[in-house]
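Inspection log for the structure reproduced underneath, given as structure tokens.
Residue numbers start at 1 and run along the sequence shown.
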Amino acid sequence: MSTTGATADPLAALGALPGVAESVESVRKAVDRVYGHRVMRRRSNAVTSEAALRGARGSAALSGADWALEEVRRRSDFGADDEARVVGAALRLTAEAGQLLSIWRQSPLRVLARLHLVAAATDGDEVGRPRQAGERVDEPLVELPLPDAGEVAGRLDGLSQLIIAGTEAPALVTSAVVHGELLALRPFTTGNGLVARAAERIVLVGSGLDPKAICPAEVGHAELGRAAYLAALDGYVSGTPEGMAAWIAHCGRAVELGVRESTAVCEALQRGAA
């Protein structure tokens with residue numbers, strides 16, 4: 001992660017980058033609109049459940065398992081092949097994220113380890129911990145240069161310290177940095193994309209921006225497409241102000257598209273069609 005100058009709150013400094021304030025305000029307005037929908041007063045649990053399902057589907061799609069929503073909804077066996085395992089991992093992570101909100105601010109590294117454990121669903125020695133020197137990473141959809149284990153450990157520790165210390169940065173900025181840093185580092189041997197998007201969800205929900213988890217950014221990331229996602233990630237990895245701002249804006253647009261998805265769910269519930 002790179003910022004534009006030394007500051008006690010580098011995340012907040014990112015909020016001052018050109019265009020970021022506009023993205024933050026646009027996201028806030030979109031979230032406020034869906035929370036003001038009349039269905040949210042009576043059936044918010046149904047909207048939350050549907051957002052979780054659609055978010056998991058979107059995250060799995062970005063990791064190479066682009067299943068139709070109804071296929072995700074009807075399936076009960078997620079161990080049959082590689083794509084099924086990815087979808088199963090995305091569903092488990094979405095469910096687990098809500099259980100880790102209270103731990104995140106005190107111990108983000110513990111949360112990340114737990115997310116990887118849930119995603120992997122195996123008991124291998126490499127599960128639930130950052131990768132060690134010489135261990136390979138299975139993340140074929142992200143082709144950026146891979147930081148070595150020493151750099152991963154240092155940057156994870158730095159990210160953890162920022163989260164624990166607290167920040168005045170908007171939730172969009174913090175969630176985008178957490179997401180981007182985990183994708184850039186790929187700290188685990190598998191499942192880094194899934195874990196990164198689950199961590200983004202934890203920040204958005206735990207910050208109070210989306211307390212009922214009805215604005216699935218994963219839906220928006222998938223809708224914007226893998227090519228745009230990776231191009232925006234290149235901007236984050238560049239560390240330039242323009243690149244960082246572009247990544248944050250991309251994440252903001254993803255949240256807005258998640259809002260649009262849940263607004264459609266609200267409308268369907270209102271019509272009695274869902």
Side-chain angles (χ1 to χ4, degrees), residues 1-4 10-11 13-15 17-20 23-24 27 55-66 86 89-90 93 108 112 115-116 119 130-131 136-148 151-152 154-156 158-159 162-163 169-204 216-258:
M1 181 180 65
S2 175
T3 61
T4 55
L11 293 178
L14 295 176
L17 292 175
V20 171
S23 294
V24 169
V27 167
R57 193 217 74 82
S59 189
L62 286 169
S63 286
D66 192 0
V86 168
L93 283 170
L112 294 175
L115 290 174
H116 186 243
R131 55 186 168 85
R136 299 181 63 185
V137 173
D138 181 14
E139 199 73 41
L141 301 178
V142 179
E143 298 179 349
L144 294 166
L146 190 67
D148 64 31
E151 181 179 351
V152 168
R155 287 173 61 175
L156 280 179
L159 181 64
L162 287 175
I163 299 301
L172 172 63
V173 172
T174 304
S175 64
V177 167
V178 168
H179 184 173
E181 192 73 353
L182 293 174
L183 280 180
L185 293 177
R186 281 146 291 162
F188 304 108
T189 56
T190 59
N192 291 288
L194 294 172
V195 168
R197 291 183 287 275
E200 178 187 44
R201 169 181 284 267
I202 287 171
V203 176
L204 291 171
E218 306 97 322
V219 168
H221 287 303
E223 185 172 336
L224 290 167
R226 193 177 302 151
Y229 185 63
L230 295 177
L233 179 62
D234 283 343
Y236 177 85
V237 172
S238 77
T240 65
E242 297 80 10
M244 298 289 285
W247 169 250
I248 294 167
H250 183 87
C251 291
R253 181 60 180 151
V255 175
E256 292 184 64
L257 289 171

If I compare all heavy atoms of [X] with all of [Y], which pair ends up nearest, and what's the gap?
X	Y	value
P147	V152	O-CG2, 3.9 Å
L194	A90	CD2-CB, 4.0 Å
S175	L204	OG-CD2, 3.4 Å
A61	D66	CB-OD1, 3.6 Å
V237	A184	CG2-CB, 3.9 Å
L17	M244	CD1-CB, 3.9 Å

Answer whether the closest heavy-atom distance between the side chains of [X] and [Y] falls below 4.5 Å.
X	Y	answer
V24	V20	yes
T189	D138	no
L162	V177	no
L257	V219	no
S23	L172	yes
V178	I163	yes
H221	H250	yes

Interatomic spacing from [atom1] in [X] to [atom2] in [Y] - rounded to 0.5 Å:
X	Y	atom1	atom2	answer
L141	R226	CG	CZ	5.0 Å
L185	L146	CG	CG	9.0 Å
L14	I248	CG	CD1	5.0 Å
R57	L62	CZ	CG	8.5 Å
H179	W247	NE2	CH2	4.0 Å
R197	L93	CZ	CG	9.5 Å

Kindly indicate, with the supporting measurements, whether the criterion side chain to side chain contact (heavy atoms under 4.5 Å, CB included) is fulfilled by L112 and L156.
CA-CA 10 Å; L112 294 175; L156 280 179; 4.3 Å; yes
Take Y229 and L183, measure what side chain to side chain contact (heavy atoms under 4.5 Å, CB included) needs, and give me the verdict at the end.
CA-CA 11 Å; Y229 185 63; L183 280 180; 3.1 Å; yes
Among R131, E139, H116, whose side chain to side chain contact (heavy atoms under 4.5 Å, CB included) with N192 holds?
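Answer to the side chain to side chain contact (heavy atoms under 4.5 Å, CB included) test with N192 among R131, E139, H116: E139.
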Given side chain to side chain contact (heavy atoms under 4.5 Å, CB included), test E200 with L182 step by step and report yes or no.
CA-CA 10 Å; E200 178 187 44; L182 293 174; over 6 Å; no
R201 and S59 side chains, donor-acceptor separation under 3.5 Å
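Judged by distance alone, the side chains do not pair up.
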